Amino acid sequence: MVGFIKGVKMEFFGEGRVKVLMPGKDSNSGALEKVLILDFGGQYTHLIARRCREVGVFSEIVPFNLSPEELVNYGNVKALILSGGPRSVYEEGAPHPNKRLLESGLPIFGICYGHQLIGEQFGGKVLRGSKAEYGRVSINIIGESALFASLPKRIDAWMSHGDAVLEPPEGFKVTAVSESNIIAAMENAEKRIYSVQFHVEVKHTPLGRDVLRNFLRGVAGCRLDWRPTDVIDRMVKEVADTVKEDEKVVCGVSGGVDSMTTAAIIQRAIGDRLHVIFIDHGLLRKGERELVLESLKRLQIRNIHFIDASEEFLAALSGVRDPEEKRRIIGRLFIEVFERAAAEIEDVKYLAQGTIYPDRVESGATGVLTSLIKSHHNVAGLPEKLGLKLIEPLRDLYKDEVREVAKALGLPSSVINRHPFPGPGLAVRVDGEVTEEKLRICREANAIVEEEFRRAGFYDSVWQAFAVVLDSKWVGVKGDARSVGFVVIIRAVTSEDGMTADWYPIPSDLVDRVSRRITNEVEGVVMVAYAVTSKPPATIELC
Ligand code: XMP
């Protein structure tokens, strides 16, 4: 898988995974109940998968054209969900499920495009266009349905569709209609096939989770007992079974929750046969080096290879202004330094990496990567170069699930709840050349922003809050003298996954406090500005 951030092919990203470790996909996973989500390219597919897990059923996203023969590879599948998608069911080349899979007798739940597919595949009538509904719609539940058990007769639902099912297939009954009289839900209870035109997975459908729960428990008979921490023992066992007695694993950590949790799991599995490499590229946040080293010790990881490569990185970045070039240099050098450190450890056979589920699931229906955020240590080409196999214990978990696992493993909350931080570190928050002076300003200003957000209780309400330093100067007055100083911009955003983001309206007293502290405490800054643009059109980081 290749990732792009800001249009640059990232050297950090992994490709060609050798070893696959999946919680619940091994042969002895008989008891683990699963729901498979057939992915028709909808923007909410990952949300559906997350919601299933939140209500207690392990879920996996699978290609839309999965065959009944392939189904057996997935263990104890209790139900299928057909996701939404951008196409029209009658359109040429529109993705269709395997008909035999639909008729396999498994409970099926169609959502939006999935609902229209059920309409079309079982002989109903789907109307293209002209029946569009977008946004919040009120729907009326008519008659009795297991899907709406214990729900009020009128609920709010989020719609986003151009096509609609005009006539349900034979054997199906309509169980809900929208205020504009469009079929909002239908079912064939005997065959256990249910579908809804609205999105149960988004928060704008307040009772959507109840509908999903009703399907998973009431229709599919799932136990709803899966919890993210259930996978810890399984992940630990898989690593222990995979890595032989005389083999070692090397794991790069950045201080982020993914790489630290990966290290914690490997440590549990193979103890001192884990070697952790932690490179300080001189672009870390204030106190980050100490925090990472302290956390590794707390996890009882003994083989810590700490490399202070800051001088090497800063020298390589000297005179470089172009953001893409900066990223390339950092990526390349990072691999070189890592390679050198790994080569010194004998008998290493595996590289452990903190890849998580959204990093690797690509939509088969659209060919679009559903998430592009990657960890710094997804170092492309490195495993092959070093002749190492890859271990990715977290590869089936979502970020919030990793956080739960991390908590259960004893990682400090300062690591677990830390805002995402890009692999190239503060280099993407410094405009133009990365100089010692601008780095110092950036580091101090970032620390102040984080500290004040924490103090005001807003740290956990945002995706990221940080400061960037511009290359240009602003004229200031200090005492009676004119002085010229740097401009720092503060930015805070909310986001679900970093793909899009909204600028966060920081309360004015907090803006004021941060601004005063930065100009007073950080030498060389005379102006603080506040970024009020969302993504798109701007990206989150400066460059
Ligand atoms: P942008 O700035 O592209 O960032 O809107 C989206 C999210 O990704 C993080 N980010 C990176 N993470 N390596 C990373 O590991 C990178 O090169 C990189 N660039 C941006 C960013 O912090 C935000 O959360």
Side-chain angles (χ1 to χ4, degrees), residues 1-15 46 252-260 262 278-279 281 283-285 288 292 313 317 320 322-335 338 353-356 358-360 369-380 382 394 398-400 402-403 417-431 434 442-443 446 449-450 453 459-469 489-504 531-543:
M1 191 189 295
V2 179
F4 291 84
I5 279 190
K6 294 181 196 285
V8 186
K9 185 176 169 192
M10 293 303 301
E11 293 178 276
F12 296 145
F13 297 166
E15 235 176 312
H46 270 296
V253 298
S254 62
V257 66
D258 301 341
S259 60
M260 294 297 273
T262 302
F278 172 40
I279 298 167
H281 52 17
L283 306 163
L284 297 175
R285 285 170 285 191
E288 193 149 27
V292 174
F313 276 83
L317 288 169
V320 183
D322 178 49
E324 292 178 20
E325 187 57 20
K326 286 196 273 188
R327 278 164 191 270
R328 270 193 290 274
I329 290 171
I330 297 165
R332 203 164 44 232
L333 196 52
F334 187 86
I335 290 177
F338 192 92
Q353 186 166 279
T355 312
I356 63 170
D359 290 342
R360 67 183 188 88
L369 262 179
T370 41
S371 174
L372 298 180
I373 312 162
K374 303 286 160 165
S375 108
H376 183 32
H377 295 284
N378 291 358
V379 273
L382 193 61
L394 309 178
Y398 285 103
K399 193 82 173 185
D400 35 357
V402 173
R403 291 201 169 106
N417 299 316
R418 215 132 201 224
H419 289 165
F421 187 59
L426 296 177
V428 301
R429 297 184 183 169
V430 168
D431 185 24
V434 181
C442 191
R443 186 170 286 125
N446 268 278
V449 173
E450 287 197 15
F453 263 72
Y459 186 85
D460 294 330
S461 321
V462 295
W463 170 264
Q464 279 172 296
F466 56 92
V468 306
V469 188
I489 299 181
I490 52 177
R491 179 145 173 77
V493 295
T494 52
S495 175
E496 281 258 320
D497 52 13
M499 300 281 285
T500 59
D502 289 320
W503 69 274
Y504 181 75
V532 288
T533 301
S534 293
K535 171 184 179 176
T539 49
I540 297 176
E541 304 286 352
L542 170 82
C543 56

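Every number for a ligand or one of its atoms is a count from 1 in the order of the listing. Note that this is a predicted model, so its numbers are computed, not measured.
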I'd like to know if Phe421 contacts ligand 1, where contact means a heavy-atom distance under 4.0 Å to any ligand atom. no
Locate the shortest heavy-atom distance separating Met260 from Val292; write the atom from each residue and the value. CE-O, 3.9 Å
Short N or O distance, Lys535 and ligand 1, threshold 3.5 Å exclusive: yes
Any salt bridge between Arg443 and Glu288, counting N to O under 4.0 Å? no
Which of the atoms in ligand 1, numbered in the order shown and given with their element, are less than 4.0 Å from a heavy-atom of Gly498? 6 (C)
Among Ser254, Gly331, Pro422, Cys543, which residue places a heavy atom closest to atom 10 (N) of ligand 1? Pro422
Heavy atoms only: give me the nearest Gly498-Ile540 pair and the separation to one decimal. O-CD1, 3.8 Å
Which atom pair, heavy atoms only, marks the closest approach of His281 to Phe313? O-CB, 3.3 Å
Looking only at heavy atoms, the pair that brings Arg491 and Thr539 closest together is NH2-O, 3.1 Å
What atoms of ligand 1 come within less than 4.0 Å of a heavy atom belonging to Trp463? 24 (O)
Tyr398 vs His46 aromatic rings, parallel, tilted or perpendicular, using cut-offs 30° and 60°? perpendicular
Is Ile540 close to ligand 1, meaning an N/O of one under 3.5 Å from an N/O of the other? yes
Would you call Arg328-Glu325 a salt bridge at under 4.0 Å N-O? yes
Element-labelled atoms of ligand 1 that are located less than 4.0 Å from some non-hydrogen atom of Arg327: 16 (C), 17 (O), 18 (C), 19 (N)
Which of the numbered atoms in ligand 1 are under 4.0 angstrom from any heavy atom belonging to Pro424? 13 (N), 16 (C), 17 (O)
Considering both backbone and side-chain atoms of Gly423, is one of its nitrogen or oxygen atoms within less than 3.5 Å of a nitrogen or oxygen in ligand 1? yes
